[in-house]
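Note sheet for the following structure.
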Amino acid sequence: MNKKESCSGISGRVAPVVNRNRCEGKDDCVQVCPFDVFEVAKISKEQRANLSIIGKIKAFNHGGMQAFVVNPSACHACKLCIDACPENALTLQPYNP
C-alpha cells in the first residue's frame, strides 16, 4: 500500500499545527506526508521572539529552520506526520480556513 492509500480520511476537516517550541525542522513530516502539507523554512524574527527560552535554544541550534503547514486543506488526518515527528511537535486540530 502506498502512502496516499494509507491516508483514507477526507481532506479539509483537520489540519496539523506545529508547536514552535518543540519543532527542530528535521523534515520528517515533509518526507512522510503524501499530500505536500508541509515544508521546512526559516522562522521569522517575530516567531522567534514568541518562543520560550528552550524554544529559542532549539531554533538557534537548528539554524532557525522549522516545519510549516503550507497546504492545510490537503490534510487527510492519517497521522503519518504525527507518528514521524521525533519532537512530538505536531497535533491535529479542526481546520477552519
Side-chain angles (χ1 to χ4, degrees):
M1 178 176 1
N2 70 34
K3 287 185 203 173
K4 284 190 178 183
E5 289 173 350
S6 69
C7 294
S8 60
I10 298 170
S11 64
R13 291 189 177 171
V14 297
V17 174
V18 179
N19 180 327
R20 297 267 158 243
N21 286 304
R22 289 180 170 251
C23 183
E24 295 179 1
K26 291 182 178 165
D27 180 286
D28 296 45
C29 55
V30 174
Q31 297 300 316
V32 300
C33 181
F35 297 100
D36 299 320
V37 172
F38 300 94
E39 72 178 30
V40 173
K42 195 163 196 158
I43 60 173
S44 68
K45 288 180 184 178
E46 294 82 19
Q47 290 166 320
R48 185 176 287 126
N50 290 322
L51 295 175
S52 67
I53 296 296
I54 292 173
K56 288 177 183 176
I57 292 168
K58 282 186 175 193
F60 177 80
N61 286 336
H62 296 282
M65 301 301 283
Q66 290 194 343
F68 287 86
V69 179
V70 294
N71 196 8
S73 64
C75 178
H76 282 65
C78 61
K79 299 183 182 179
L80 290 173
C81 59
I82 291 172
D83 293 339
C85 181
E87 295 88 32
N88 296 314
L90 300 172
T91 57
L92 292 181
Q93 294 184 5
Y95 178 59
N96 297 313

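The analysis underlying the following values was restricted to heavy atoms, covering all of them including side chains, and did not include hydrogens, waters or symmetry mates.
Residues P16 and F38 are in side-chain contact: their nearest non-hydrogen atoms beyond the backbone lie under 4.5 Å apart. Within the 4.5 Å cutoff, the side chain of V18 has heavy atoms near those of the L90 side chain.
Note on F35: it clusters hydrophobically with V69, by side-chain heavy-atom contacts below 4.5 Å among ILVMFWY residues.
Without hydrogens or angle criteria, Q66 side chain to R20 main chain gives a donor-acceptor distance under 3.5 Å.
In this structure, the separation between CG on N50 and NZ on K56 is 8.0 Å, given to the nearest 0.5 Å. Note that NZ of K42 and NE2 of H62 are 13.5 Å apart. Values are rounded to the nearest 0.5 Å. The CD1 atom of I54 sits 8.5 Å away from the CG atom of N21 when rounded to the nearest 0.5 Å.
Heavy atoms from other residues, nucleotides or ligands lying under 6.0 Å from CG of N61 number more than 12.
The two atoms that bring Y95 and G12 nearest to each other are CD2-O, 3.3 Å, heavy atoms only.
Residue L51 belongs to a hydrophobic cluster whose other members are I43, F68, V70, with links defined by side-chain heavy atoms closer than 4.5 Å.
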List the atom pairs, donor and acceptor, that lie under 3.5 Å between side-chain atoms in residues 75-88 and the rest of the protein, sequence neighbours left out.
| residue | atom | partner | partner atom | Å |
| --- | --- | --- | --- | --- |
| H76 | ND1 | A74 | O | 2.7 |
| E87 | OE2 | K26 | NZ | 3.1 |

